[in-house]
Amino acid sequence: MATPTEDPVLEIDGIKGEEEETEENNKPIDKVVGVVGEESGQGERDMALSAGSLIHRSGSRPQLDLSKAAIQGNFEERNPTILLPNQSDDIFHLALDIGGSLIKLVYFSRHEDEASNDKRKKTVKERLGISNGNRRSYPILGGRLHFVKFETSKINDCLDFIYSKQLHHGMDSRWHSELPVDYNAVIKATGGGAYKYADLFKERLGVSLDKEDEMNCLVAGANFLLKAIRHEAFTHVEGQKEFVQIDHNELFPYLLVNIGSGVSMIKVDGDGKFQRVSGTNVGGGTYWGLGKLLTKCKSFDELLELSQKGDNRTIDMLVGDIYGGMDYAKIGLSASTIASSFGKAISENKELEDYRPEDISLSLLRMISYNIGQISYLNAIRFGIKRIFFGGFFIRGHAYTMDTISFAFHFWSKGEMQAMFLRHEGFLGALGAFMSYEKHGLDVLMAHQLVERFPMGAPYTGGKIHGPPLGDLNEKISWMEKFVQKGTEITAPVPMAPPGTTGLGGFEVPLSKGGILRSDASALNVGVLHLVPSLEVFPLLADLKMYEPNTIDLSDHNELEYWFTVLSEHLPDLVDKAVASEGGTDDAKIRGDAFARAFSAHLARLLEEPAAYGKLGLANLLELREECLREFQFVDAYRSIKQRENEASLAVLPDLLMELDSMSEERRLLTLIEGVLAANIFDWGARACVDLYHKGTIIEIYRMSRNKMQRPWRVDDFDVFKERMLGSGDKKPAPHRRALLFVDNAGADVVLGMLPLAREFLRRGTEVVLVANSLPALNDVTAMELPDIVAEAAKHCDILRRAAEAGGLLVDAMINTLDGCKENSCSVPLMVVENGCGSPCIDLRQVSSDLAAAAKDADLIILEGMGRALHTNFNAQFKCDALKLAMVKNQRLAEKLINGNIYDCVCRYEPAS
């Protein structure tokens, strides 16, 4: 959970101060916070907004204190950063969806980002033509959008939660004691619970409930999720999930089938454009009501669990029962098709007690799901709609419910349509209530501006109710231990009935779990959604729709198990490095143990349910590991190792440059590419390379690697690349305008590999932008570290020095550079930009705005290293020339990707698409 920093200063990009509009200064402070009542649910969701969720001026939030507001930085910037030193309110919005069975809560918390005053960054921005503005004329505030749920029967727990975080006051609890006596918070609300519990909210929290239209909220929430979350919609057939990528331009119209107590079918034609076109009174309430009467189950979930062990053939009349076990082929009905739900109860001389509750529950489930599927299909045909999404509390991530609806839809449409479900359907209403704020800002965000992350409790909780908010790291660690103990309870498998025909047209019980399926097997986890408006799509991708970053398909279970084993085996070494980076203190050891438990729990959860966090690729796993490290405050586990390797490599760089300068042009280019490939062996993320570190010094390993650089390499396009660089015969090609070099590891990799290559481009008149991680990951070099490395290297090389000065990387030369010194005007710049991520891999659908700006004038990109050039982007196509360089440091990857062996090299050159 995000909490404010000690200094309550609010930073806002691109806003002009304006006075608060109030009728009378002595009136109570009215503040709208927000609530909706709609019966659906699924998992806590901690949506986080980093560096820029949008909060507009309106009466629905605390007032901005603009006194002593000051512009920070360059006054000539189009949209400068404005600091509000006297802003004491922490901006919080709260929205609730109070249904009959569940309360869904969405609230926004501020996320503090320190303003950067880095002269180097400003100079690079000026070189790239990047303004500090965000192309918006309203405030931008970093923060997080948290999604939590409570059982309605435990509404007091919900009220305690709101009070503990002071959400009803819209600010952190540190400030609530300063509120005026006549302060009045208003929480928007809709649905039955909003009316039923209005007095309780007033009594317990002193807040008023202001109702919002339930249908409006439902549609607004669905629209936002379908446009904002890349892997939001999925199909579910026979226990198998498949995520569906939906083009935003082709989203509308769609049919939203909301299955609560009853069923509403809503035709959605656009944002704010919808109508309820049909429905039925036979819905979730029918299933729960009849089920309670017939089975004596005490909860909805208990009834659903019963259905998993049921066999509806004992109570439903099938076509085969009528035709002596035969199909009715003439009209296309198989013997296993249900002719009459509960039909056998007519002819059999049995009492209710003679039927198993499990069979009754399954028969009820199929009867209701079948009818909902049929009516939905008929409405889709009626309005010519191809996309149908199902949601509501009846679904609740339940595998059998989704399978039954999917089969019914497939049955009636003869396979021409698919039922789709939403990962976060349980929060449609609550999110829609949050969206009802005037100028909330979420509607302008796009999928590439949202990053979903999963907190440490995610593997254990899934769709379950979370405990109290965790205040600090110590609480996280102790809760981690409790989660470990409680996890066996939550994830206990439920035995399934033997396989057999159990429903429509021969529908089989899903066997995807090898005969065992958890009761909440499809309760997809809800993550932390970080809203980052500064992220953009990499503009040089040839076809965004066709782009898939992950090379390895983890839907293959064998592949999944292998990579999970690799990550598990690497875990002890990673913990050792992380603890050592914090001085090996007792506190660091405790945190290291908690990290290992948390990450192991993530792996166990994903091995059991690979789609639990959305579509899973190897890049997602590696990023999850880094996020988990950061969650336990291990900011840079390889910090000291990187420093040591940087120093050792910089010490021998001058000799390497002298050697290169003595070569012919053609020989030098080959040696440079060999150097990049050889230096890429220094990778602490590869088990084989870690073993090498124990057998020699950095320089010894580098020389050994260089000596093995025998062509042809396994993938060898060097000759094609050489012709583009040097030409053939008397024909000399023009140099590239700008090259983006995506660097990988610190130490020899960047110092002895990529820097000399960058130097070669600079001497040819090509601008060079070094692209590095925004956050640490393993021993990858970061954009924060690169300028110091370049500055040290520049002491021994005039080419690097002049380019670094021109690119603003040498602080001592800043004044001359900014004044346009003639000495530097003839030198092309060497610049550094961050890529916007903190992972060994990179998803080019989400890069920093600085990188996107730098790419617009680039005509060459070089992706280096296994993570960026093999695990991801090996098959990516670009609008410009692309060179992918890597040494393969994993035998399985070498075999699978290039039909080769460990330490084979890849030099893949692809001219502009």
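Along the sequence shown, residues are numbered consecutively beginning with 1. Side-chain atoms are counted along with the backbone in the values below, which use heavy atoms only and exclude waters and symmetry mates.
No side-chain donor-acceptor contact under 3.5 Å links Gln846 to the backbone of Asp843. In this structure, the side chain of Ser581 does not engage the main chain of Tyr638 through any donor-acceptor pair within 3.5 Å. Side-chain N or O atoms of Gln891 include one that pairs as donor or acceptor with a backbone N or O of Ile902 at under 3.5 Å. A donor-acceptor pair under 3.5 Å is formed between the side chain of Thr766 and the backbone N or O of His736.
Between Glu805 and Ser827 the shortest side-chain heavy-atom distance does not fall below 4.5 Å. Taking 4.5 Å as the limit, every side-chain heavy atom of His602 sits out of range of all side-chain heavy atoms of Leu567. Looking only at side-chain heavy atoms (C-beta outward), Ile861 and Cys880 come within less than 4.5 Å of each other. For the pair Phe761 and Met725, the minimum side-chain heavy-atom distance is below 4.5 Å. Leu624 places a side-chain heavy atom less than 4.5 Å from the side chain of Leu606. Contact of the Arg892 side chain with the Ile552 side chain is not registered, since no non-hydrogen atoms from C-beta on lie closer than 4.5 Å. Using a 4.5 Å heavy-atom cutoff, the side chains of Val635 and Leu775 are not in contact. You'll find the side chain of Asp788 stays beyond 4.5 Å of the side chain of Asn646, heavy atoms only.
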Test log, rule salt bridge (Lys or Arg N to Asp or Glu O under 4.0 Å), inputs Asp593 and Arg597: CA-CA 6 Å; Asp593 180 62; Arg597 290 187 181 200; 3.4 Å; yes

Check the pair Arg763 / Glu665 against salt bridge (Lys or Arg N to Asp or Glu O under 4.0 Å), numbers first and verdict last.
CA-CA 12 Å; Arg763 82 195 308 169; Glu665 193 176 46; over 6 Å; no

Determine, step by step, whether Leu621 and Leu603 satisfy the side chain to side chain contact (heavy atoms under 4.5 Å, CB included) criterion, reporting the C-alpha distance in whole Å, the side-chain angles of both residues, the deciding distance to 0.1 Å, and the verdict. CA-CA 8 Å; Leu621 277 180; Leu603 292 180; 4.1 Å; yes

Dump the intermediate steps for side chain to side chain contact (heavy atoms under 4.5 Å, CB included) on Leu574 and Phe634, then the final yes or no.
CA-CA 11 Å; Leu574 179 57; Phe634 292 108; over 6 Å; no

- Task: Kindly indicate, with the supporting measurements, whether the criterion side chain to side chain contact (heavy atoms under 4.5 Å, CB included) is fulfilled by His570 and Val566.
- Result: CA-CA 6 Å; His570 183 243; Val566 168; 5.5 Å; no

Set out, in order, the CA-CA distance, both residues' side-chain angles and the distance that settles side chain to side chain contact (heavy atoms under 4.5 Å, CB included) for Asp661 and Arg759, then state yes or no.
CA-CA 11 Å; Asp661 288 343; Arg759 177 177 179 261; 2.7 Å; yes

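A donor and an acceptor atom, one from each side chain of Glu834 and Ser774, are located under 3.5 Å apart. No side-chain donor-acceptor contact under 3.5 Å links Gln643 and Glu647.
Across every non-hydrogen atom of Pro776 and Lys642, the tightest pair is CB-NZ, 4.3 Å. Across all their heavy atoms, Lys589 and Gly584 have their closest contact at CE-O, 3.4 Å. Minimum interatomic distance between Pro756 and Leu660 (heavy atoms only, all atoms of both residues): CB-CD1, 3.9 Å. Shown here for Cys837 and Cys841, the closest heavy-atom pair between the two residues is SG-O, 3.7 Å. The minimum heavy-atom distance between Ser839 and Ala619, with the atom names listed, is OG-O, 4.2 Å. Here the closest non-hydrogen pair linking Ala783 and Ala772 is N-CB, 3.5 Å.
The number of heavy-atom neighbours closer than 6.0 Å to CD of Glu895, taken from other residues, nucleotides and ligands shown, is above 12.
Summarising the geometry, atom OG1 belonging to Thr872 is positioned 9.0 Å from atom CG belonging to Leu622; distances are rounded to the nearest 0.5 Å. The CG atom of Leu656 sits 10.5 Å away from the CG atom of Leu755 when rounded to the nearest 0.5 Å. The line from CE of Met658 to SG of Cys797 is 12.0 Å long, rounded to the nearest 0.5 Å. If you take CG on Asp636 and CG on Leu778, they are separated by 10.0 Å, rounding to the nearest 0.5 Å. Atom CG of Leu740 and atom CG of Leu860 lie 8.0 Å apart (nearest 0.5 Å). To the nearest 0.5 Å, atom CG of residue Asp780 and atom CD of residue Glu626 are 8.0 Å apart.
With ring centers used as reference points, Phe721 lies under 6.0 Å from Tyr909.
In this structure, Arg868 does not pair ionically with Glu864, as no charged nitrogen and carboxylate oxygen lie closer than 4.0 Å. Asp717 and Arg724 are not joined by a salt bridge, as no carboxylate oxygen comes within less than 4.0 angstrom of a charged side-chain nitrogen. Using a 4.0 Å cut-off between charged nitrogen and carboxylate oxygen, Asp857 and Arg737 do not count as a salt-bridge pair.
Residue pairs satisfying the ring pair (Phe, Tyr, Trp, His ring centres under 6.0 Å) criterion with at least one member in residues 842-875, sequence neighbours excluded, are listed as follows: Trp563-His871.
Of the residues listed (Ile842, Val769, Asn873), the one engaging Phe742 in a side-chain contact (heavy atoms from CB on, under 4.5 Å) is Ile842, and it is the only one.
For Asp716, the salt bridge (charged side-chain N to carboxylate O under 4.0 Å, His left out) partners are Arg711, not counting sequence neighbours.
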